[in-house]
Amino acid sequence: MKFFVALALFACLGSLALAKDDEYCQNTVITACSTSAFSALTGFFTGKSNSICNARFAGIDHIEPEIQSYINANLAKSYDYLLLATHFNSFQKNRPGFQKLYQGLSDRSFEDSIALIKQVTRRGGIVDFNTRHESAGSVSTKRGTLEVDELHSLALALDTEKQLATGATHVHSRATHATDAERDPELAHYFEENFLGKQAESVRKLSGYANDLAKLMKVPDPSLSVYLFDEYLQKQ
């Protein structure tokens, strides 16, 4: 009887040791690193691999959905800005200064999306555009009317930039103030260095534009004021 108890205890300890060894790539490098989620049919990685030989560490598992939600938001806002730029570039509106402003914001949001995609994949993640990622910091992607006048377009852009700034702040807070297992200082530093300051500057600039143009339009015929303001935007 004692022999069977000792044998069972030895088997349990052995299984625990194997489970502990599975947490380290060096102990299972041949089998672990040979598995992948690559599809030969499509030529793409279809999902996360069960391999432990990857670039995932710290709190990436918990923050990755938040970042993917922010990527989707930046892409959506990039196209919104592009539509605004097209609207003011038409022969009816003919506002090259406003077109330049919104084209720049569109390009910046698109480039931010590409940079975030690179950051996620650098940390061992996969960006899945077929899945809608929602979080507490998700930026609204609901599209309103984009065919607006000059002043209301600035107000719309200001609201958009505040939403993007709030989304970046949420991801940073999630990476900084989570529990030890979910905290990710590297991602927090990345957002602080590449997004928070830039978004704050963008909000400040657009709020100034909106207030200045609103004051200039307090005249019976504001057409000249709008024209001069558009000329000013061209020089920025």
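Just so you know, these numbers use all the heavy atoms, side chains as well, and skip hydrogens, waters and symmetry mates.
Proximity of a side-chain donor or acceptor of Y190 to a complementary backbone N or O of F195 within less than 3.5 Å is not detected. A donor-acceptor contact shorter than 3.5 Å links the side chain of S113 to the backbone of S109. In this structure, the side chain of Y81 does not engage the main chain of L101 through any donor-acceptor pair within 3.5 Å. A donor-acceptor pair is defined here as one N or O able to donate and one able to accept, closer than 3.5 Å; such a pair exists between the side chain of S153 and the backbone of E150. Side-chain N or O atoms of S106 include none that pairs as donor or acceptor with a backbone N or O of Y102 at under 3.5 Å. No side-chain donor-acceptor contact under 3.5 Å links R183 to the backbone of A175. Using modelled atom types, one side-chain atom of T121 and one backbone atom of K118 make a donor-acceptor pair closer than 3.5 Å. Looking at T176, its side chain never comes within 3.5 Å of a backbone N or O of A188 through a donor-acceptor pair. Of the possible donor and acceptor atoms, one in the side chain of Q236 sits under 3.5 Å from a partner among the backbone N and O of Y232. A distance-only check finds no donor-acceptor pair linking the side chain of S78 to the backbone of N74 [under 3.5 Å].
With hydrophobic clusters built from ILVMFWY side chains whose heavy atoms lie under 4.5 angstrom apart, M217 does not share a cluster with Y227.
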From CA spacing to verdict: salt bridge (Lys or Arg N to Asp or Glu O under 4.0 Å), R123, E186: CA-CA 10 Å; R123 290 293 304 275; E186 193 273 336; 2.8 Å; yes
I71 vs V120, side chain to side chain contact (heavy atoms under 4.5 Å, CB included): CA-CA, chis, key distance, verdict: CA-CA 10 Å; I71 291 172; V120 170; 4.2 Å; yes
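Between F229 and F98, the ring planes are tilted. Angles from 30° to 60° get that label.
Looking at heavy atoms from C-beta onward, S207 lies in side-chain contact with R204 at the 4.5 angstrom threshold. No side-chain heavy atom of Q199 sits under 4.5 Å from any side-chain heavy atom of T169.
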